[in-house]
4 protein chains.
Amino acid sequence: MRKSKMSLIFQAAIDVFSEKGFDKATMDDIAARANVAKGTIYYHFKSKEELFLFLVEEGVELLRDGVESKLLPDMTPTEKLELIVREQINFFGQYRDFCVILLRESWGAEERQLEFRKMIRSYMYLIEAVVQEGIAKEEFHFVNPENVSSGLFGMISIAALHILLGHKPYDGDALFQDMRRMTFSGLLKQGEDKL
Amino acid sequence: MRKSKMSLIFQAAIDVFSEKGFDKATMDDIAARANVAKGTIYYHFKSKEELFLFLVEEGVELLRDGVESKLLPDMTPTEKLELIVREQINFFGQYRDFCVILLRESWGAEERQLEFRKMIRSYMYLIEAVVQEGIAKEEFHFVNPENVSSGLFGMISIAALHILLGHKPYDGDALFQDMRRMTFSGLLKQGEDKL
Amino acid sequence: MRKSKMSLIFQAAIDVFSEKGFDKATMDDIAARANVAKGTIYYHFKSKEELFLFLVEEGVELLRDGVESKLLPDMTPTEKLELIVREQINFFGQYRDFCVILLRESWGAEERQLEFRKMIRSYMYLIEAVVQEGIAKEEFHFVNPENVSSGLFGMISIAALHILLGHKPYDGDALFQDMRRMTFSGLLKQGEDKL
Amino acid sequence: MRKSKMSLIFQAAIDVFSEKGFDKATMDDIAARANVAKGTIYYHFKSKEELFLFLVEEGVELLRDGVESKLLPDMTPTEKLELIVREQINFFGQYRDFCVILLRESWGAEERQLEFRKMIRSYMYLIEAVVQEGIAKEEFHFVNPENVSSGLFGMISIAALHILLGHKPYDGDALFQDMRRMTFSGLLKQGEDKL
DNA sequence: TATGAATGAGTCTTCATTCAT
DNA sequence: TATGAATGAAGACTCATTCAT
């Protein structure tokens, strides 16, 4: 059974967008990669913009829903945050191309980019909520949850991408150990009293 | 005495590139913003690419040299890292436009983007060296310095940009407190023994 | 049924290139002359260079094949050469524009120009072979066939073009008589013994 | 003693124009080759066009005057024509670059190109006059002198250039033998009676 | 549903020429 | 005389989008 044209286009679009970025990628590229006539893309998607948006939406949802569904109510904030860190690292390993897209195309003032940041924001809220819960339950230090959630997201993202784009083997577990350490106890051996 | 055309172009280029990104920015935009004929840009820079590269080089150097010159040999690793965190936060506040450029244009496989990542890497080495020193002096936990340095860079960058692009007032000191906490003692109140 | 866009472009390109030369001719000119959008040209030809090359290839082939197909094996070398002279003169009369292109654009060190000279060379070989045959059969004097074939080609070409560009009526038969005389018996009344 | 800027420019212009042709050659090229500032060229020549025209004028004059001064009144038409053939062949060998310019830039409808053809015409008249004299004195067959003079000019030019551009050693004497044969007795062994 | 030829607005880049010094 | 920074018009080429089939 042949794959639907639609899904061929979808996959080709991810490949091409992650390789070249939104602006440099052409509809011809995508059509060629999907083995489909250019017109066919326009039959399924109104525009390049829409195709791209659709793609990113799907991706962020996949990340958010994946994490969200694993966050059980009876976990402690620490357990929850640990899970988030681990899941995000796995996701980056698995959807490397998509993650490149995310980091490339989220900064700027275009409508599309604002939209992207909102999507990412919707994921960050997950982290933020856990941080807030941790503070409320006095498990975590008192910090600004928004700063910390964006910081954590950035820490994991950049560290992961740094490995992936350096074409080194991606050892998710090792990265997880370091990221967990950073997140929970920081670098100092003597702990907080020093500060 | 009027500013040299060269520096007019330089400033205009930063403005336009940060607003629109490399691909969407046009040489006409930049020329108009600089109040200069388009040919004048090409008199000073061989191409759009070269202008852009020059600009980013200058910026990363400014960041790296600024930090490097303040790192004194008799500081402890903790003091050094604290200084780096603070300086980077200040830099992002001061050169917001340039920082947007950096985060937008560093991901991808084009020659230019590889070049950018190398430049960023040259800054990350500063952090990495301090982390290594801290581990050697047993001030810091044993971690992979490369993971941690890219993680720290990402944490600060994304957190800072998140505020700057959200058009909120940029309170560098508050951000510094949170980032320092994350860096040194992490979120957990009970410290490392829990882990 | 309307002519294919492709052939409209082809004809327009001949017109414009012969009028203005390769460098001065613009793709806008050609598009306008062909009543076609500029992009359409690029849909069919990868570049100005390619369009031009294609055009010249076709032209030289037309000349060479036209002559070649009329050269019958049982002709004497003299008859063959006579036929070549006549055919080339007719060709110049008929494809004046193309011939101007040929003479304009074949001299220089650019890739394209080397290519052109090769094409012309492929035509000269026809002449050269006949000259060689004539020498072998002792109908012709002993001469360097390469010198003579390029000389004959130049003689006919420049003489023809000289008339065509002088905007005089092109009397192919009269020109043929003179060129035949030059080719076979030369100017001297007393013939070779004088030399 | 340093060469005058003027003559530096002159020589540089010949080099560059013959290498790249009128359109592709730039004033920057010429200035660089002449080790002179671009403005300096404009101090001596009103425009690119004028510089070029001046150059070609000088060259054609050199050819024409060289030949003309050697044509003595008491020579027979045959001797005169022989001398012309020899001189032109020598000239092509000596001023190869200039001759390429001549053949490249003489065809077309631009003012400059009409001008060029006039200059070449002024040289052809020399040949034409000799042919006419030869016919009048019944040394030469009755032919159209204009056809024959342009034909001879083309024969020699193309044959010479064919060797020069093929990067073969230029044996002027051998070429002269072949061109003289063509000019005076033609290819046929049996002479004119056959025709 | 699917195609691919056609479009034309938009971009980077070049270069002859000018002019203040 | 000589310079070289500055100009801006012009040209090759790209590519998202449309539409007749």
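Below, each value reflects all heavy atoms present in this structure, side chains not excepted, and no hydrogens, waters or symmetry copies. We name chains A, B, ... by the order of the sequence lines, and we start the count at 1 in each one.
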Distance check needed: [N] [atom2] versus [X] [atom1], whole Å only.
X     : N      : atom1 : atom2 : result
D:D29 : E:dC15 : CG    : P     : 8 Å
C:L51 : F:dA12 : CG    : P     : 11 Å
C:F22 : F:dA12 : CZ    : P     : 8 Å
A:D28 : E:dT7  : CG    : C1'   : 14 Å
B:K20 : E:dG10 : NZ    : C1'   : 12 Å
B:L8  : F:dA6  : CG    : C1'   : 13 Å
A:F17 : F:dA16 : CZ    : C1'   : 11 Å
C:F45 : F:dT14 : CZ    : C1'   : 18 Å

Within 45° of the six-membered ring axis of C:F22 and under 6.0 Å from that ring's centre, is NZ or CZ of C:R112 located there?
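Because its charged atom sits under 6.0 Å from the ring centre and within 45° of the axis, C:R112 does stack over C:F22.
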Any side-chain N or O of [X] less than 4.0 Å from the OP1 or OP2 oxygen of [N]?
X     : N      : value
B:Y42 : E:dT14 : no
D:K5  : F:dT3  : yes
D:Y43 : F:dA2  : no

Among D:R96, D:R33, D:K24, which residue satisfies the salt bridge (Lys or Arg N to Asp or Glu O under 4.0 Å) criterion with D:E19?
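Option passing the salt bridge (Lys or Arg N to Asp or Glu O under 4.0 Å) with D:E19: D:R33.
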Heavy atoms only: give me the nearest A:I120-A:S106 pair and the separation to one decimal.
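It is CD1-OG, 3.4 Å.
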Would you say NZ of B:K118 has more than 12 non-hydrogen atoms from neighbouring residues, nucleotides or ligands within 6.0 angstrom?
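Atom NZ in B:K118 is not packed in, count stays at 12 or less.
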Just one of A:F10, A:F98, A:F45, A:F116 clears the ring pair (Phe, Tyr, Trp, His ring centres under 6.0 Å) bar with A:F52, so which one?
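In the set A:F10, A:F98, A:F45, A:F116, the residue that makes a ring pair (Phe, Tyr, Trp, His ring centres under 6.0 Å) with A:F52 is A:F116.
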Partner nucleotide of E:dT13 by Watson-Crick or wobble geometry (both distances under 3.5 Å):
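F:dA10 is the nucleotide pairing with E:dT13.
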Sort out the partner of E:dT21 for me: Watson-Crick or G-U wobble, both distances under 3.5 Å, none otherwise.
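Result: F:dA2.
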Tell me what C:T40 touches on the nucleic acid: a base, only sugar-phosphate, or nothing, going by heavy atoms under 4.0 Å.
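C:T40: base contact, heavy atoms under 4.0 Å.
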Under 4.0 Å, counting only non-hydrogen atoms across every strand here, what does C:A31 touch: a base, just sugar-phosphate, or nothing?
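Nothing, no heavy atom under 4.0 Å.
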Using heavy-atom distances to pick each residue's nearest nucleotide on DNA chain F, tell me which of B:I41 and D:M6 is more 5'.
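Mapping each residue to its closest nucleotide by heavy atoms, the 5'-most match is D:M6.
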Quick one: which of F:dC13, E:dG4, F:dT3 gets closest to the side chain of A:A37?
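Nearest to the side-chain atoms of A:A37, counting from C-beta on, is E:dG4.
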Indicate, yes or no, whether a donor-acceptor pair under 3.5 Å links the base of E:dT13 to the side chain of B:K48.
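Looking at the base of E:dT13, it does not pair with any donor or acceptor on the side chain of B:K48 (distance under 3.5 Å).
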Using a distance-only criterion (donor-acceptor N/O pair, under 3.5 Å, no hydrogens), is the base of F:dT7 paired with the side chain of B:K38?
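It does not, because no donor-acceptor pair links the side chain of B:K38 to the base of F:dT7 below 3.5 Å.
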Need to verify one output field. Residue with the more 5' nearest nucleotide on DNA chain E, B:T26 or A:G39?
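Nearest nucleotide further toward 5': that of A:G39.
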